[in-house]
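Data block below; observations after.
Small disclaimer: the values here were computed from a predicted structure and weren't measured. Both backbone and side-chain heavy atoms feed into the values below; hydrogens, waters and symmetry mates do not. Numbers restart at 1 for each chain; the letters A, B, ... are given by sequence-line order, proteins then strands.
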Amino acid sequence: MGDTNGALIELIGLEKTYRVGTEIVRALRGVTVSIHENEYVAIMGPSGSGKSTLMNIVGCLDIPTGGTFNLRGKDVSKLSQSRLARIRGRQIGFVFQSFELLPRTTALKNVQLPLLYAQVSHQRKRALAALERVSLSDRAKHRPNQLSGGQKQRVAIARALAQEPDIILADEPTGNLDSETGEEIMTIFDSLHADGQTIIIVTHEESIAARCRRVIRLKDGLIESDERRGDSLPQAEVSRAVSLAAS
Amino acid sequence: MMLRPIRWLLRLFPWMISVILRNGQNVITAFVQIWANKGRSILTTLGIIIAVTSIIAVVSFVQGFGNFITDMVRGYGTQFMVVRPYTPPERYRAGLGRVTLDLSDIEAVRVECDALSRLTPFVYTGEAEVVYGSEKAEGVPMRGVTEDYQTIRNFYVDAGRFFGPVDVETAAHVVVLGRTLLKSLQCDESIIGEYVYIGGARFRVIGLLQRKGSFGPEDQDETIMVPYTTAIKLYPDLRKSIPFLVEADGEGNIDKAYGQITRVLRRRHSLQAGQPDDFRIDRQDQMVRQFERVKTVASSILAGIVSISLVVGGVGIMNIMLVSVTERTREIGLRKSVGGRRRDILLQFLTEAVVLCTIGGLIGVGFGFAISYLASLHPNMVELDTPWWSVALALAFSAGAGVIFGIIPAFKAAVIHPIDAMRHE
Ligand SMILES: Nc1ncnc2c1ncn2[C@@H]1O[C@H](COP(=O)(O)OP(=O)(O)OP(=O)(O)O)[C@@H](O)[C@H]1O
Ligand SMILES: [Mg+2]
């Protein structure tokens with residue numbers, strides 16, 4: 001698995017430059033960071049600092065214009081469109097600020113969508129299991145216009161979970177919700193993390209970032225700070241500490 | 001020519017269907033989309049609906065009339081020919097005398113041409129006047145023939161008798177009436193044995209012809225038949241120009257009979273080697289072949305018209321699909337972000353176009369049948385025939401239009417960049 005330190009995501013000098021007419025926008029100017037399995041990361045920073053750009057690249061929706069992005073040790077920038085689509089479908093789970101559920105389509109069918117493209121078996125069963133994890137089994141037959149904002153976002157989380165992805169990427173998942181509902185959503189993310197899920201959340205709210213184990217702050221396309229919360233080590237390090245103590 | 005793309009589309013159709021069915025989810029999505037925009041979908045498919053309606057209706061008419069004519073031609077037998085005087089176009093006419101065809105020509109043909117089994121002169125006027133008691137029928141078609149006419153044209157009496165050789169020999173004043181005459185003369189079958197006046201002369205009614213029905217606008221039962229000798233006496237002006245009908249002695253003798261008649265008539269009319277015939281021989285077997293050719297041409301023209309209207313319908317579909325792709329940019333982005341590949345998106349929108357067009361096609365088939373049915377209610381209409389292949393062709397055409405005109409919008413959808421799509425308002 002490559003030369004890496006076992007990181008799930010490894011970014012080295014990552015750059016993204018947009019060209020709008022004659023103007024050049026450098027959204028990312030050399031981001032270097034590694035994220036391991038079962039990390040719970042918040043990405044913060046002022047508007048326009050490049051958070052969404054970074055998420056899109058990590059989610060294989062976009063490709064960097066410079067630097068390297070290794071996903072599980074594999075350089076993603078060299079992959080074809082359809083390989084990228086495959087990665088998006090099987091390894092990445094997206095949660096968007098504005099939910100992005102298909103209208104006129106039941107919650108269950110929405111959750112099934114990634115399974116459909118991946119052509120896996122037991123789609124219905126898996127989709128129901130994903131809805132179960134966000135406590136929405138009883139809304140499986142409901143359409144988005146019959147759901148509250150918080151319920152919609154839970155369906156979106158279930159959709160991200162359906163394929164049991166390596167990483168969940170959430171770009172301001174509570175941005176469209178009131179603080180109470182946002183709290184509800186964060187409780188779900190917390191419990192997913194407790195189950196071992198790797199999660200990266202973009203947020204503007206310190207209270208949300210405070211729940212994460214690591215906070216990366218961006219500014220003008222560069223990492224300004226990257227702090228881990230000592231009080232709770234990532235699971236891997238805990239087990240390493242345990243094994244060290246045992247020896 | 002025209003048929004090649006049709007055949008190609010027909011072969012494409014099962015393939016499309018199989019691809020679509022293997023991706024059933026796309027069909028469901030397509031129906032959900034179409035149902036969500038019911039009004040717009042109907043308006044969009046209007047062009048296809050009209051195109052398919054016209055395919056079904058026009059094919060039904062062409063087939064119906066075709067069957068009618070084919071049946072009729074078959075009824076005559078293919079050994080039958082019509083010989084008539086013919087004036088060639090002016091520039092070929094130099095040196096020709098008056099164009100005539102008289103009884104001596106016909107007699108010569110009868111004697112000299114051994115490839116013929118039957119022959120009858122055909123003295124015709126469309127202006128006979130028939131009087132029975134106080135009733136009067138004007139402008140009645142009258143045929144002066146021999147008893148052979150019955151066999152050649154397959155037109156027999158079913159009451160009384162036809163006239164025989166003796167009646168012809170003696171120019172007897174006997175007449176056979178078509179069924180319509182009974183109505184115009186306000187009488188029934190008891191008229192057999194009674195007398196009528198034709199052109200002022202007294203005729204005995206000896207038989208009634210079987211009912212034949214109409215051929216297009218022509219009522220075949222509105223006719224009277226008399227011995228040709230009698231007809232010539234009644235209308236002496238016709239004696240210089242008498243067509244005649246012959247029947248070859250078997251299918252294999254048609255060409256031989258044709259050659260014999262041509263030779264006899266050219267000799268009798270003293271035509272030189274370079275001169276054109278001053279008569280025409282219409283061969284039934286060639287008429288059948290010619291008719292088949294006309295049918296092919298008619299189908300080709302039909303296919304042309306239909307493809308034009310389908311293009312119009314298809315452009316409508318393309319237009320609305322392009323709008324739909326723009327409206328659903330975010331959906332496309334989402335689908336891509338959860339693992340949809342370009343080909344998945346392409347197939348989804350292609351399926352939608354094909355489903356839309358096929359629905360239009362099905363509605364059109366329904367309308368086509370409805371129009372054919374309504375038309376068949378008219379009493380003078382031939383029996384319309386909608387063959388299964390016209391339905392299959394119409395549906396294949398519309399599904400094909402879906403593929404052709406759906407491909408551009410589908411491609412546009414497939415290449416949308418997921419990020420741009422997710423930013424789309
Ligand atoms: N498609 C694009 N074309 C041109 N410039 C772009 C494009 N996408 C992003 N940018 C620019 O890149 C920079 C970073 O944008 P990005 O969306 O990543 O910011 P962000 O940190 O997510 O901001 P916010 O908190 O407002 O969501 C901005 O200056 C933005 O204008
Ligand atoms: Mg953003």
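- Side-chain contact between Ile56(B) and Ile371(B): absent, with no pair of heavy atoms (C-beta onward) separated by less than 4.5 Å.
- Contacts from residues 138-168 of chain A to chain B, taken as heavy-atom pairs separated by less than 4.5 Å, involve Arg159(A) in sequence order.
- Residues Phe69(A) and Val31(A) form no side-chain contact, since every pair of their non-hydrogen atoms from C-beta on lies 4.5 Å or further apart.
- In this structure a side-chain-to-backbone donor-acceptor pair under 3.5 Å is missing from Thr174(A) to Leu177(A).
- In this structure the side chain of Leu128(A) never reaches within 4.5 angstrom of the side chain of Glu132(A), judged on heavy atoms.
- Of the atoms belonging to Arg335(B), heavy atoms from both backbone and side chain fall under 4.5 Å from chain A.
- Neither the backbone nor the side chain of Ile28(B) comes within contact range of chain A; no heavy atoms are under 4.5 Å apart.
- More than 12 heavy atoms of other residues, nucleotides or ligands shown are found within 6.0 angstrom of NZ on Lys16(A).
- Counting heavy atoms from C-beta outward, Asn38(A) and Gln197(A) have side chains that stay 4.5 Å or more apart.
- Between Phe405(B) and Val311(B) the shortest side-chain heavy-atom distance falls below 4.5 Å.
- With a 4.5 Å cut-off on side-chain heavy atoms, Leu11(A) and Thr32(A) do not count as touching.
- Although no hydrogens or angles enter the test, the distance criterion places no donor-acceptor pair under 3.5 Å between the side chain of Gln112(A) and the main chain of Gln123(A).
- Side chains of Ile332(B) and Val325(B) form a contact here, defined as non-hydrogen atoms less than 4.5 Å apart.
- For the atom pair Ser49(A) OG and Ile223(A) CD1, the distance stands at 11.0 Å (nearest 0.5 Å).
- Contact annotation: the side chain of Ile9(A) approaches that of Leu71(A) to within less than 4.5 Å [non-hydrogen atoms, C-beta and beyond].
- Here Gln81(A) contributes atom CD and Cys60(A) contributes atom SG; the two are 11.0 Å apart, rounded to the nearest 0.5 Å.
- Rounded to the nearest 0.5 angstrom, Ile199(A) CD1 and Cys212(A) SG are separated by 8.0 Å.
- Residues of residues 410-418 of chain B that come within less than 4.5 angstrom of chain A, heavy atom to heavy atom, are His417(B), Pro418(B) in numerical order.
- In this structure, CD1 on Ile63(A) lies 7.0 Å from CG on Leu84(A), to the nearest 0.5 angstrom.
- Using a 4.5 Å cut-off between non-hydrogen atoms, the part of residues 85-108 of chain A that approaches chain B consists of Ala85(A), Arg88(A), Gly89(A), Phe94(A), Phe96(A), Ser98(A), Glu100(A), Leu102(A), Arg104(A).
- A salt bridge does not link Arg423(B) with Asp420(B): every distance from a Lys NZ or Arg NE/NH1/NH2 to an Asp or Glu carboxylate oxygen is 4.0 Å or more.
- The main-chain N or O of Gly45(A) is found under 3.5 Å from a side-chain atom of Lys51(A) such that the two form a donor-acceptor pair.
- Of residues 31-52 of chain B, those residues lying under 4.5 Å from chain A by any heavy-atom pair are Val32(B), Gln33(B), Ala36(B).
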